[in-house]
Amino acid sequence: QVQLVESGGGLVQAGGSLRLSCAASGRTFASYTMAWFRQAPGKEREFVAAIAWSGGSTYYKDSVKGRFTISGDNAKNTAYLQMNGLQPEDTAAYYCAAAYRRYASTEANYYPYWGQGTQVTVSS
């Protein structure tokens, strides 16, 4: 079992930056594949980024490539999502997810562990 707690959300103007954190407890963090998803009001939850346990490969939603960076700090059992160049369309609740699997996926049902979410609001 693993528990995930997100933090770092907030209100920012368009073009600004935020760094989301996902603190994990339970099994060794380095054994997990981690991902970030987001959900805007009235929309389905969508994949944002993932980092694979195997080799640390990263994956991104096309619209965030070049603006968002996912990373992990094994010593701190924490995953991060650095978000630069934020736009109003990035406004959503952001969720951290984890799976005890070697490879990443863009599918939400691949990840059995979820945090409670942190709100990101980008004003124009």
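Positions are given from 1 along the sequence. Both backbone and side-chain heavy atoms feed into the values below; hydrogens, waters and symmetry mates do not. Remember, it's a predicted structure, so these values are computed and weren't measured experimentally.
Among all heavy-atom pairs drawn from Y100 and Y32, the shortest one is N-CD2, 3.6 Å. Closest of all the heavy-atom pairs between A50 and S105 is CB-O, 4.4 Å. Here the closest heavy-atom approach between residue P112 and residue Y110 is recorded as CD-O, 3.4 Å. Shown here for L20 and G9, the closest heavy-atom pair between the two residues is CD2-N, 3.6 Å. For the residue pair Q87 and A14, the shortest heavy atom distance occurs at OE1-CB, 4.4 Å. Closest non-hydrogen pair, I51 versus T33, comes out as O-CG2, 3.4 Å.
With values rounded to the nearest 0.5 angstrom, Q13 atom CD is found 13.0 Å from T121 atom OG1. The CD atom of E89 lies 8.0 Å from the CZ atom of R38; values are rounded to the nearest 0.5 Å. To the nearest 0.5 Å, the span separating CE on M34 from OG on S71 amounts to 11.0 Å. In this structure, SG in C22 is found 5.5 Å from CD in E6, a value given to the nearest 0.5 Å. Note that the NZ atom of K61 and the CZ atom of F68 stand 10.5 Å from one another [nearest 0.5 Å].
Q3 and S25 share a donor-acceptor pair across their side chains, judged by distance under 3.5 Å alone. A donor and an acceptor atom, one from each side chain of R19 and Y80, are nowhere located under 3.5 Å apart. Side-chain contact of N84 with S17: a donor-acceptor pair under 3.5 Å is present, judged by distance alone.
Cluster membership for F47 and Y113, using ILVMFWY side-chain heavy atoms within less than 4.5 angstrom, is not shared. Hydrophobic cluster membership is shared by Y94 and V2, with clusters built from Ile, Leu, Val, Met, Phe, Trp and Tyr side chains linked at under 4.5 angstrom.
Residues R101 and Y111 fail the side-chain proximity criterion, which asks for heavy atoms closer than 4.5 Å. Looking at heavy atoms from C-beta onward, L4 lies out of side-chain contact with Y95 at the 4.5 angstrom threshold. Looking at L81 and V48, their side chains come closer than 4.5 Å, going by heavy atoms from C-beta outward. When side chains are defined from C-beta on, T69 counts as touching Y60, because their heavy atoms get closer than 4.5 Å. With a 4.5 Å cut-off on side-chain heavy atoms, L18 and Q82 do not count as touching.
Taking the six-membered ring where the residue is Trp, F37 and W114 present tilted rings, their angle falling between 30° and 60°.
R67 contributes a side-chain N or O that, together with a main-chain N or O of G85, makes up a donor-acceptor pair within less than 3.5 Å. Not a single donor-acceptor pair under 3.5 Å links the side chain of S57 to the backbone N or O of A52.
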Applying side chain to side chain contact (heavy atoms under 4.5 Å, CB included), run through V5 and Q116 and close with a yes or a no. CA-CA 7 Å; V5 178; Q116 83 288 351; 4.3 Å; yes
